[in-house]
Peer 1: 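This is the structure, below, for whatever I ask next.
Any value given below was found using the heavy atoms of this structure, including those in side chains, with hydrogens, waters and symmetry copies removed. Per chain, numbering begins at 1; letters A, B, ... match sequence-line order.
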Amino acid sequence: MMRPARAHPLWLAFVLHRVSGVALALFLPLHFYVLSLALRAPERLDNFLTFAELPLVKFAEFGLVFLLAVHTAGGLRLMAMEWLPWSAPQKSLAAGAVGFAVLLSGTFFLQVI
Amino acid sequence: MDGQSQTMDVSVWRGGEDGDYQTYQVPAYESQTILDVVSWIQQYEDPTLTYRFACRVGMCGSCAMMVNGEPRWTCRTHVRKVLTDGAIKVGPLRNLPVIKDLAADMDPFFDKWVAAGGVHTPSASRNEPIAPVDPDGDDRVTASAGIECINCSVCYAACDTVAGNDDYLGPAALQRAWTLYNDTKHDNRAGILDAVSGTGGCHNCHSMGSCTFYCPNELDPMAAIAGLKRETARSFFRNRKG
Ligand code: HEM
Ligand code: SF4
Ligand code: SF4
Ligand code: FES
């Protein structure tokens with residue numbers, strides 16, 4: 001069977017939302033584990049924090065904040081779109097959500113380097 | 001371009017679910033629709049080619065097919081608009097069983113139309129006075145937004161949620177339900193909310209908008225489904241209070 005070409009803005013927004021949601025779900029357990037080190041093994045946490053100072057790791061953190069921002073903005077967009085009876089400007093909302101996410105994660109990026 | 005000096009490669013799905021594409025050389029004309037091309041093959045190359053059409057003017061909704069991977073009404077899709085590198089690929093509508101060649105089995109599509117509560121139940125009989133309807137009233141405006149649906153199933157073929165979930169009622173049926181829900185002369189509004197809030201109901205929709213993007217009549221099933229999401233949720237909380 002043929003698959004339709006689906007590369008229109010709302011479909012891409014959907015894919016972005018799903019990918020970021022799944023990635024966040026994979027990341028969170030790891031995140032909680034590291035936080036738990038503060039209580040269970042402070043010296044290992046310190047080691048990890050030194051490791052987290054590496055530029056590459058900082059860059060990965062940028063990615064994570066971006067995921068969260070993109071997913072939050074995308075989720076808010078969906079909720080606004082479905083729960084407030086708007087119709088036409090959805091595409092611009094989708095674009096706005098991504099823009100907002102870039103802004104937020106970009107700010108974080110500038111702060112950490 | 002004049003006459004038949006040029007041809008194009010048109011691959012057409014032949015056979016049932018396990019068929020394959022077969023390529024035909026079709027003369028290219030200045031002004032020509034995909035349906036013209038399919039008809040040319042049936043008339044001059046192979047009379048056994050099976051496909052559907054009726055009105056040829058975008059009214060009946062019977063001619064929808066996949067054209068270069070996208071669902072389209074073929075009688076109003078100009079070849080010039082979709083021709084890619086001198087070639088066109090035409091297949092039966094996605095998300096429906098294939099009967100033969102370009103004819104998809106529309107039964108699931110129409111069964112879901114009924115399952116979503118799409119059959120009108122009058123709120124009054126012919127013996128009662130006709131209740132006036134304000135054409136500019138909010139309900140009526142919302143209902144009118146969906147009435148130009150021609151049941152072509154283009155949206156149904158475009159929807160990835162339909163592709164992934166056999167039970168999902170799909171955009172056209174849900175839009176029909178929303179239209180009736182807002183029709184003051186429809187008597188079974190609660191029935192509609194029940195019908196669209198089950199496993200295959202409106203809450204499966206991820207608002208990815210392929211339905212609205214591809215609907216040839218420029219309708220907005222995605223917005224209609226969002227309306228159903230709001231009303232089903234509202235009635236859920238109302239019932240819990242009551
Ligand atoms: C921070 C605020 C958040 C908001 C406003 C939000 C909002 C949403 C919404 C509205 C959906 C439904 C999308 C749809 O119907 O397609 C969704 C899906 C999802 N969310 Fe979130 N979410 C948030 C945080 C998170 C977090 C922290 C995680 C990771 C654990 C997560 C994981 C997911 C996953 C895996 C999906 C399914 C994706 C899909 O159905 O396409 N979300 N989110
Ligand atoms: S908006 Fe909903 S119904 Fe329309 S294509 Fe997307 S999932 Fe399907
Ligand atoms: S909503 Fe549009 S695409 Fe879907 S069946 Fe009706 S006319 Fe066709
Ligand atoms: S033949 Fe009727 S809509 Fe195309």
Side-chain angles (χ1 to χ4, degrees), chain A residues 1-28 63-64 66-105, chain B residues 11 13 17-19 21 65-72 82 84 89-98 104 138 141-142 145 154-163 202-203 205-214 218-234:
Chain A
M1 257 327 281
M2 279 193 271
R3 325 216 67 194
R6 321 185 184 86
H8 55 89
L10 285 183
W11 189 80
L12 293 172
F14 162 77
V15 171
L16 200 60
H17 197 79
R18 174 150 296 184
V19 169
S20 60
V22 170
L24 283 173
L26 294 176
F27 160 72
L28 274 184
L64 283 169
F66 179 79
L67 284 180
L68 188 61
V70 124
H71 192 85
T72 311
L76 293 174
R77 170 193 70 90
L78 275 172
M79 282 159 21
M81 201 171 87
E82 292 181 357
W83 290 93
L84 309 170
W86 300 343
S87 57
Q90 290 146 349
K91 283 184 196 173
S92 27
L93 272 176
V98 175
F100 180 67
V102 170
L103 190 79
L104 219 68
S105 53
Chain B
S11 348
W13 185 263
E17 296 282 358
D18 50 1
Y21 286 95
M65 299 166 202
M66 302 301 288
V67 181
N68 284 352
E70 299 185 34
R72 290 184 176 278
V82 291
T84 337
K89 198 171 191 179
V90 189
L93 270 183
R94 178 176 175 246
N95 292 340
L96 290 163
V98 184
D138 281 349
V141 169
T142 309
V154 161
C155 54
Y156 191 83
C159 176
D160 289 335
T161 304
V162 171
C202 62
H203 294 281
C205 164
H206 293 284
S207 293
M208 59 181 90
S210 296
C211 50
T212 298
F213 185 79
Y214 284 105
E218 296 178 359
L219 305 183
D220 193 353
M222 178 175 71
I225 296 168
L228 288 174
K229 288 177 182 173
R230 287 194 299 278
E231 286 309 310
T232 46
R234 205 169 279 158

Peer 1: State which residues pass side chain to side chain donor-acceptor pair (under 3.5 Å) with B/Thr142; sequence neighbours excluded, sorted by chain then number.
Peer 2: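 Partners of B/Thr142 under the side chain to side chain donor-acceptor pair (under 3.5 Å) test: none.
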Peer 1: What residues form a side chain to side chain contact (heavy atoms under 4.5 Å, CB included) with B/Cys155, not counting sequence neighbours?
Peer 2: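 For B/Cys155 the side chain to side chain contact (heavy atoms under 4.5 Å, CB included) partners, ignoring immediate neighbours, are B/Pro171, B/Ala172, B/Cys211.
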Peer 1: Which atoms form the tightest heavy-atom contact between B/Arg230 and A/Glu82, and what is the distance?
Peer 2: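 Minimum heavy-atom separation between B/Arg230 and A/Glu82: NH1-O, 2.9 Å.
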Peer 1: What orientation do B/His206 and A/Phe14 show, parallel under 30°, tilted 30 to 60°, or perpendicular over 60°?
Peer 2: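 Tilted, since the angle between the ring planes falls between 30° and 60°.
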Peer 1: I need the B/Met208 CE to A/Trp11 CH2 distance, nearest 0.5 Å.
Peer 2: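 B/Met208 CE to A/Trp11 CH2: 8.0 Å, rounded to 0.5 Å.
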Peer 1: Considering all heavy atoms of both residues, which atom of A/Leu78 and which atom of B/Ser207 are nearest to each other, and what is their separation?
Peer 2: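 In terms of heavy atoms, the two residues are closest at CD2-CB, 3.6 Å.
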